[in-house]
Amino acid sequence: MKSKRERDDDNERVNEDGGFESDSKRQRINSQSSPSSSPPPPASENTLLPGFNYGDEDEEKDNQRWPPVNVNREGRNGALEEEDEDDDDYPPDQGVGQGRRSRVIEMRRDCPYLDTVNRQVLDFDFERFCSVSLSNLNVYACLVCGKYYQGRGKKSHAYTHSLEAGHHVYINLQTEKVYCLPDGYEISDPSLDDIRHVLNPRFTEEQVDQLDKNKQWSRALDGSDYLPGMVGLNNIKETDFVNVTIQSLMRVTPLRNFFLIPKNYEHCKSPLVLRFGELTRKIWHARNFKGQVSPHEFLQAVMKASKKRFRIGAQSDPVEFMSWLLNTLHANLRTSKKNSSIIYDCFQGELEVVNEIHNKAIAEKKENGDDANTKSDGIVSESYRMPFLMLGLDLPPPPLFKDVMEKNIIPQVPLFNILKKFDWETVTEVVRPRIARMRYRVTRLPKYLILHMRRFTKNNFFVEKNPTLVNFPVKNLELKDYIPLPTPKENERLRSKYDLIANVVHDGKPGEGSYRVFVQRKSEELWYEMQDLHVSETLPQMVALSEAYMQIYEQHQ
């Protein structure tokens with residue numbers, strides 16, 4: 001048997017100088033091939049590897065040599081043979097006029113190699129690329145060693161692997177069909193359904209409705225127990241800012257339920273939306289092989305969609321990532337008829353803003369002041385309304401001096417004090433984009449309120465962190481007692497009471513450090529501390545004793 005290097009050389013037939021090999025060698029290759037076989041496409045036309053054919057040329061010859069077979073004839077084990085619908089097995093550069101292949105795939109209910117399947121090594125969280133060609137077209141997973149290979153026809157990497165390693169059971173990562181190689185028949189066995197569920201978790205609407213009532217633990221293959229929805233996320237490299245954001249959003253019930261049912265966003269072709277949906281289903285799946293999930297494919301979609309603004313290996317701010325993620329998901333999910341999506345339904349509120357600017361600055365922007373009221377002291381006041389997905393709260397500056405014991409004094413401030421920013425009376429000084437005095441008032445409350453404590457301030461030299469602790473209630477935050485709210489319409493009730501469901505915390509120095517998150521499990525109303533793969537139960541009192549950075553509150557209905 002030839003080695004892989006020799007087979008590649010025979011197929012490529014191009015030397016290092018770019019010229020063809022000697023005529024004598026070429027004649028030997030041509031004499032071995034059938035006279036009816038067509039020459040392989042030029043290297044420039046193949047979109048995979050130069051000169052390497054991923055199709056099933058030998059099976060094409062078989063189809064030409066033998067008469068057509070009745071599709072619905074009975075197989076060797078009583079199973080029906082069917083026409084192979086998996087036409088993405090063949091390279092995309094085949095002529096359009098060739099149409100679908102008339103190859104018949106035998107269906108067998110038994111396979112002597114099913115006992116070689118090793119579920120311990122299966123991991124479908126990573127990118128679906130062939131481990132040899134690095135192509136994502138028509139990829140199969142070897143169910144014996146867990147590696148990914150391309151194609152299943154003769155000359156394909158999966159076929160070669162089955163001969164060299166003696167691994168015979170493969171699943172198509174797209175169609176979820178299982179095949180035995182090199183024999184080529186399809187395996188129909190119910191014992192493989194658990195692998196299909198891990199590859200692509202499925203939820204019915206009834207199961208989704210019962211998620212917040214489920215108190216049952218699940219067991220992984222290694223014997224460890226885990227709670228669906230409370231699984232750890234792998235920190236690939238400096239990606240804890242992504243993990244805490246994902247874990248926080250998984251507590252938003254309407255958002256979670258929307259992404260658990262793929263038909264809700266089947267009209268959307270955005271890889272970011274599809275990967276976020278896959279990650280949501282894996283986190284809440286009760287039949288995983290392991291009690292953790294790796295967000296690798298989602299991170300790859302994030303890097304591409306953000307043009308590497310957020311990437312693996314570089315620490316970023318979870319507040320910036322949350323804002324970018326929500327806006328990007330909304331832009332991809334919204335329909336052309338109305339500017340609405342599940343993101344806006346959950347998180348969008350409205351602010352009324354009064355902006356007071358010096359007359360010289362406003363004169364450059366507007367020639368006539370129809371909507372601006374100019375005061376006698378040269379201050380121009382303009383009022384407008386703006387939507388928001390997140391509210392930023394300003395912390396009081398920390399003390400400059402140390403106490404008697406030469407230690408820094410860590411001040412504390414109630415949440416209600418910093419919420420006064422939105423009481424319509426407190427003036428906020430703003431420098432950018434121009435110097436102004438601003439006042440805020442909330443005119444519409446969202447179903448889920450995201451608060452951001454501005455702990456980090458940047459200057460020309462370094463980033464400084466404010467260590468002030470914020471005292472906040474875990475349950476029954478009543479906003480109407482502290483900020484003015486709009487009068488509800490007739491037959492409507494003012495819903496201004498909120499419960500905390502997620503609290504993101506930053507530990508360490510500014511620009512470094514790490515992030516963790518406290519989240520609530522609704523079925524038991526217990527709190528859990530989550531930091532990457534570490535998940536542990538904690539007390540509600542411990543949630544408030546940390547440097548809160550970002551919080552999500554749920555409105556009482």
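Here, residue 1 is the first one in the sequence, and each next residue gets the next number.
Every residue two or more places apart in sequence or in another chain that forms a side-chain hydrogen bond (donor to acceptor under 3.5 Å, both in side chains) with Ser496 is listed here: Glu478. Shown here are the salt bridge (Lys or Arg N to Asp or Glu O under 4.0 Å) partners of Asp209, two or more places apart in sequence or in another chain: there are none. Partners of Pro414 under the side chain to side chain contact (heavy atoms under 4.5 Å, CB included) rule, at least two apart in sequence or in another chain, are Phe416, Asn417. Under the salt bridge (Lys or Arg N to Asp or Glu O under 4.0 Å) criterion, Asp481 pairs with no residue at all, not counting sequence neighbours. A search for side-chain hydrogen bond (donor to acceptor under 3.5 Å, both in side chains) contacts involving Arg196 returns Asp193, not counting sequence neighbours. Residues satisfying the side chain to side chain contact (heavy atoms under 4.5 Å, CB included) criterion with Pro486, sequence neighbours excluded, are absent altogether. Checked against salt bridge (Lys or Arg N to Asp or Glu O under 4.0 Å), Asp240 has no partners two or more places apart in sequence or in another chain. Applying the side-chain hydrogen bond (donor to acceptor under 3.5 Å, both in side chains) rule to Arg495 yields no partners; only residues at least two apart in sequence or on another chain are considered. Applying the salt bridge (Lys or Arg N to Asp or Glu O under 4.0 Å) test to Arg287 and every residue at least two apart in sequence or in another chain returns nothing. Listed by chain and residue number, nothing satisfies the side-chain hydrogen bond (donor to acceptor under 3.5 Å, both in side chains) test with Arg309 (two or more places apart in sequence, or in another chain).
In this structure, a donor-acceptor pair under 3.5 Å is absent between the side chains of Asn466 and Arg455. When only modelled atom types and interatomic distance are considered, Gln174 and Asn138 share no side-chain donor-acceptor pair under 3.5 Å. Counting only N and O atoms by type, the side chains of His330 and Asn339 include a donor and acceptor under 3.5 Å apart. In this structure, a donor-acceptor pair under 3.5 Å is absent between the side chains of Asn476 and Tyr498. Side chain to side chain, Glu352 and Thr443 fail the donor-acceptor criterion of an N or O pair below 3.5 Å. For the residue pair Ser514 and Gln531, a side-chain donor N or O sits within less than 3.5 Å of a side-chain acceptor on the partner.
Separation of the Trp324 and Phe310 ring centroids falls under the 6.0 Å cut-off.
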I'd like to know whether Phe518 forms a side-chain contact (heavy atoms from CB on, under 4.5 Å) with Leu500, so could you lay out the CA-CA distance, the side-chain angles of the two residues, the decisive distance to 0.1 Å, and finally the verdict. CA-CA 10 Å; Phe518 295 93; Leu500 183 69; over 6 Å; no
Carefully, step by step, assess Phe241 and Asp317 under the rule side-chain contact (heavy atoms from CB on, under 4.5 Å). CA-CA 6 Å; Phe241 72 97; Asp317 193 323; over 6 Å; no
Salt bridge (charged side-chain N to carboxylate O under 4.0 Å, His left out) for Glu206 and Lys213? Distances and angles first, verdict last. CA-CA 12 Å; Glu206 291 76 14; Lys213 301 176 184 178; over 6 Å; no
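With salt bridges taken as basic N to acidic carboxylate O contacts below 4.0 Å, one links Asp194 and Arg119.
Side-chain atoms of Lys282 never come within 3.5 Å of backbone atoms of Pro295 as a donor-acceptor pair (strictly under, hydrogens ignored). In this structure, Arg439 contributes its side chain and Trp424 its backbone to a donor-acceptor pair below 3.5 Å. Although no hydrogens or angles enter the test, the distance criterion places a donor-acceptor pair under 3.5 Å between the side chain of Tyr226 and the main chain of Asn288. One N or O on the side chain of Gln247 and one on the backbone of Val231 form a donor-acceptor pair closer than 3.5 Å. Counting only distance, with no hydrogens or angles, the side chain of Ser523 and the backbone of Asn214 share a donor-acceptor pair below 3.5 Å. Under the 3.5 Å distance criterion, the side-chain polar atoms of Asp125 are matched with a main-chain donor or acceptor of Ser294. Using a distance-only test at 3.5 Å, with no hydrogens or angles considered, a donor-acceptor pair links the side chain of Asn235 to the main chain of Thr239. For the pair Asn243 (side chain) and Ile246 (backbone), a donor-acceptor distance under 3.5 Å is absent. Side-chain N or O atoms of Tyr265 include one that pairs as donor or acceptor with a backbone N or O of Phe259 at under 3.5 Å. Between the side chain of Asn172 and the main chain of Thr175, a donor-acceptor pair closer than 3.5 Å is present.
Here Met230 contributes atom CE and Ile283 contributes atom CD1; the two are 10.5 Å apart, rounded to the nearest 0.5 Å. Separating the OH atom in Tyr448 from the CD1 atom in Ile501 is a distance of 5.5 Å, to the nearest 0.5 Å. With rounding to the nearest 0.5 angstrom, the OG atom of Ser546 is 8.0 Å from the CG atom of Asp507. Note: Asn355 CG to Met438 CE = 4.0 Å, rounded to the nearest 0.5 Å. Distance NE2/His452 to OH/Tyr549: 4.0 Å, rounded to 0.5 Å. Here the CG-CD1 distance, from Leu451 to Ile418, works out to 8.0 Å after rounding to the nearest 0.5 Å.
Sorted by first and then second residue, the salt bridge (charged side-chain N to carboxylate O under 4.0 Å, His left out) pairs with a member in residues 255-276 read Glu205-Lys263, Asp212-Arg256, Arg275-Glu278, Arg275-Glu297; sequence neighbours excluded. Identified under the salt bridge (charged side-chain N to carboxylate O under 4.0 Å, His left out) test for residues 544-557, with sequence neighbours left out: Lys465-Glu547, Lys522-Glu554.
Relative to the six-membered ring of Phe347, Lys447 misses at least one condition, a distance below 6.0 Å or an angle of at most 45° to the axis.
Atom CZ of Arg311 is surrounded by 12 or fewer heavy atoms from other residues, nucleotides or ligands within 6.0 Å. For Met542, the CE atom counts as loosely surrounded, since its 6.0 Å shell holds 12 or fewer non-hydrogen atoms of other residues, nucleotides or ligands. The environment of Lys421 atom NZ is dense: over 12 non-hydrogen atoms of other residues, nucleotides or ligands sit within 6.0 angstrom. In this structure, Gln216 places its CD atom where only 12 or fewer heavy-atom neighbours from other residues, nucleotides or ligands lie under 6.0 Å away.
In this structure, Phe298 and Phe276 have tilted ring planes: the angle between them lies in the 30° to 60° band.
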